[in-house]
2 protein chains.
Amino acid sequence: MITKKAEYAIIILTELASNPPGTTVTSKEIAFRRSIPVNLVVQLLAVLKEAGWTEGTRGPAGGIRLITDPEKINLREVVEAADGPMGITRCLFSSAPCRDQKHCSLRGIWSRAQQEMLKVLEEVNIKDLVEAAALEA
Amino acid sequence: MITKKAEYAIIILTELASNPPGTTVTSKEIAFRRSIPVNLVVQLLAVLKEAGWTEGTRGPAGGIRLITDPEKINLREVVEAADGPMGITRCLFSSAPCRDQKHCSLRGIWSRAQQEMLKVLEEVNIKDLVEAAALEA
DNA sequence: TAAGAATATAACTAAGTTAGTTATTATTAT
DNA sequence: ATAATAATAACTAACTTAGTTATATTCTTA
């Protein structure tokens, strides 16, 4: 399951990427503009920083800015940064296959299904989203 | 998330389909052969019956039998019967799009990703699994 | 240098989900 | 009748999700 946090992370990156490069935005502003609880924004900014996509400046007049080309951040990466590694089934989380190998022709099928899903997410990046939003406006 | 119940449901159908057509098997036997908690087997048999795939005979010498061609039951159907309609994101469960249409270019992407995943599951049926298991043996 | 503004981190909570258990009822062959 | 079996429903412990609350740390500017 892709959680709301993952969606929020994507939205935050999109917000940052929709300003001129180098612009800093405060977490409060992000929260306000995108209607995300401030505390969640703060939590997620830690994740984005950890991933190396953003940088923060403290103190008055501080804020967050994107330090990665938004075209180089795809949705799979963001989702996995926010939610941890993806698994459409619990069995895909454990590296070991089920005890009962015999009956587990399923693992391969789950894995294929998941890969097809991830492929779609990999094909979309943050820049795409910014552009899509621009078209709507 | 595809739950364990969905996996169990698939395994139960596979077990039934791997016996000669018309054979009845008791829930205890299914549970024992496939190492599934008896009570869960019972719960899931209700689902399979509801879906019209199986039929039960009560009383001594009773049991469950498959009344549908295993080739006509695909994994997507079984997963959705056991877990309810699939949604890789909460937003795909609600028919209404987010309040904030503007920022929700995401919905379409989630939906595409999910469809690709489901396509894989639709391409595999219970008979396929029985045959795959037969090869391994 | 002290105060205010911001990031950063951690602990906590309510609601919902999952996986499984327990208990009860209904049906049928012997 | 009774024992074996399916069918149904209610309950529970552990976990996850989404969000809140509280506190610590750092930087800037007045």
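These values consider heavy atoms only, across backbone and side chains, with no hydrogens, waters or symmetry-generated copies. Naming: A, B, ... by sequence-line order, numbering from 1 per chain.
Pairing of C:dT9, defined by two Watson-Crick or G-U wobble distances under 3.5 Å, is identified with D:dA22.
When the nucleotides D:dA18, D:dT5, C:dT18 are ranked by their closest atom to the side chain of B:Thr26, D:dT5 comes out on top. Of the listed nucleotides (D:dT8, C:dT7, D:dA18), D:dA18 has the atom at the smallest distance from the side chain of A:Lys4. When distances are taken from the side chain of A:Tyr8 to each of D:dG19, D:dT17, C:dG20, the shortest belongs to D:dG19.
Note: CD1 (B:Ile30) to P (D:dT5) measures 13 Å, nearest angstrom. Here the C1' atom of nucleotide D:dT8 and the CD1 atom of B:Ile64 are 13 Å apart, to the nearest Å. Put simply, NZ on A:Lys28 is 8 Å from P on C:dA5, counting in whole angstrom units. Counting to the nearest Å, the P atom of C:dT18 and the CG atom of B:Asp83 are 7 Å from each other. A:Met1 places its CE atom 8 Å from the P atom of D:dT17, with the value rounded to the nearest Å. Rounded to whole Å, atom P of D:dA14 lies 15 Å from atom CZ of A:Arg90. Between the CD1 atom of A:Ile2 and the C1' atom of D:dA18 there is a distance of 16 Å, given to the nearest Å. Taking atom CZ of A:Arg65 as the reference point, atom P of C:dT7 lies 12 Å away to the nearest angstrom.
A salt bridge links A:Lys119 and A:Glu116; the closest N-O separation between the charged side-chain nitrogens and carboxylate oxygens is under 4.0 Å. Ion pairing between A:Arg33 and A:Glu15 holds under the 4.0 Å rule for side-chain N and carboxylate O.
Within the 4.0 Å cut-off from OP1 or OP2 of C:dA8, at least one side-chain nitrogen or oxygen of A:Lys49 is found. OP1 or OP2 of D:dA6 has at least one side-chain nitrogen or oxygen of B:Ser27 nearer than 4.0 Å.
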How does protein reach along nucleotides 20-30 of chain D, written 5' to 3' as B (base within reach of a heavy atom under 4.0 Å), S (only sugar-phosphate), or - (no contact)?
BB---BBBS--
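With contacts defined as side-chain heavy-atom distances shorter than 4.5 Å, the pair A:Leu75/A:Leu129 qualifies.
Distance alone, capped at 3.5 Å, places no donor-acceptor pair between the A:Thr23 side chain and the A:Asn19 backbone.
Both A:Leu45 and A:Val25 are members of a single hydrophobic cluster when ILVMFWY side chains are connected at heavy-atom separations under 4.5 Å.
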May I have the step-by-step check of side-chain contact (heavy atoms from CB on, under 4.5 Å) for B:Trp110 and A:Ile2, ending in yes or no?
CA-CA 9 Å; B:Trp110 299 146; A:Ile2 295 166; 3.7 Å; yes
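When each of A:Ile11, A:Val41, A:Ile12 is tested with A:Arg34 by the rule side chain to side chain contact (heavy atoms under 4.5 Å, CB included), just one qualifies, namely A:Ile11.
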